[in-house]
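What follows is one structure encoded as structure tokens, with my remarks underneath.
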Amino acid sequence: MCDRASLKHKKRIVIKVGSSSLVHEETGMMDLFKLEQLVRILCDLRNQGKEVILVSSGAIGAGRKVLGLNKRPSSLPVKQACASVGQGALIALYQRLFNEYHQISSQILMTKHTIIREKSLFNARNTFDQLLDMGVIPIVNENDTVSTDEIEFGDNDTLSAVVAALVSADLLILMSDIDGLYTDDPNKNPNARFIECVYKIDKSLYDMAKGAGSDFGTGGMVTKIDAARIATDSGCDMIISNGKDFRTIHDIIEGKNIGTLFLAHKNEDFDLKSYIEEGKRH
Ligand code: GLU
């Protein structure tokens, strides 16, 4: 079992929540209770003196509801229109909830180009640093209306790892719709074992993730391992945990044995831009 005591001392934390953790499964409407809970927990982390960044999906889902579309859109322009409507609605809701605790929040929208272009990478890093310095909680999403790659293949797991690397965060928590990484698909194989700690990301881990096959949300398990590779190579620990109860965020930081922990192993040659340009290397 790996030692989680150090998690308590993490200072700069990125938390990613997926759409499925934010909406009621039956209706696709926002789960206001959970959203309120999430915001309260993040404000409390700020009160503990931590710096917090939230990466939140949900733009397309929220926009679809506002526009009265019954099904999740499949056409790209409709998705982009939904994202454009929904992102505003999502941020308005977050800001209202954060205001309850007098916590300033902001919106940051990014694309792959933000990272690839040196100047915008520099600007984005400075903006994050400045916001964190001012005690703001930035709320990040992909700029879905201009970034077609994101909607077609992209996912916020990778985005959150990129953000963690960009700001030199020391902990990334992916609140997902699975408990963490298993040796095999737990729905099919009763002998599938839960993996509490990953020390090294290699081909065998990717093979296992493919077998485990969890493919909810936009990003599946393989995508999460890709995200872990970016985060851990940049020097940031990463945890995959189940987003069904956000109170576990607190328990994770307290060092309780929840989710799968991928331990950081800083690669001195780490270059975020080349990770993005070269794409997935498994
Ligand atoms: N950016 C998309 C949205 O806000 C979701 C991407 C994802 O869930 O990974 O709807």
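In each ligand, atom 1 is the first atom listed, and ligand 1 is the first ligand listed.
Between Ser56 and ligand 1, no pair of N/O atoms sits closer than 3.5 Å. Remark: ligand 1 and Asn156 share an N or O pair separated by less than 3.5 Å (distance only, no angle test).
Comparing Ser57, Ala59, Ala62 by heavy-atom distance to atom 8 (O) of ligand 1, the nearest is Ser57.
Evaluated for a side-chain contact (heavy atoms from CB on, under 4.5 Å) with Asp237, the options Thr232, Ile173, Leu263 yield exactly one hit, Leu263.
Using a 3.5 Å distance cut-off with no hydrogens or angles, the side chains of Asp245 and Thr248 do not pair a donor with an acceptor. Remark: the Asp177 side chain and the Ser20 side chain contain an N/O donor-acceptor pair separated by less than 3.5 Å.
Of all heavy-atom pairs spanning Met175 and Ser21, the tightest one is O-OG, 3.9 Å.
Close contacts of ligand 1 with Ile60, meaning ligand atoms under 4.0 Å from a residue heavy atom, involve 3 (C), 10 (O). Atom numbering of ligand 1 starts at 1 in the shown order; those under 4.0 Å from a heavy atom of Asn141 are 1 (N), 3 (C), 4 (O). Close approach of ligand 1 to Asp155 (heavy-atom distance below 4.0 Å) involves ligand atoms 9 (O).
Using a non-hydrogen distance threshold of 4.0 Å, Gly18 does not register as a contact of ligand 1.
With a 4.0 Å cut-off on non-hydrogen atoms, Asp144 touches ligand 1 through its side chain and not its backbone. With a 4.0 Å cut-off on non-hydrogen atoms, Leu159 does not touch ligand 1 at all.
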List the atom pairs, with distances to 0.1 Å, where a side-chain N or O of residues 88-97 and a protein N or O form a donor-acceptor pair under 3.5 Å, not counting sequence neighbours.
residue: Tyr94; atom: OH; partner: Ser56; partner atom: OG; Å: 2.9
residue: Gln95; atom: NE2; partner: Ser105; partner atom: O; Å: 2.8

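Remark: Tyr101 engages no residue in a ring pair (Phe, Tyr, Trp, His ring centres under 6.0 Å) (not counting sequence neighbours).
Residues Tyr206 and Val222 have side chains in contact (heavy-atom distance under 4.5 Å, counting atoms from C-beta outward).
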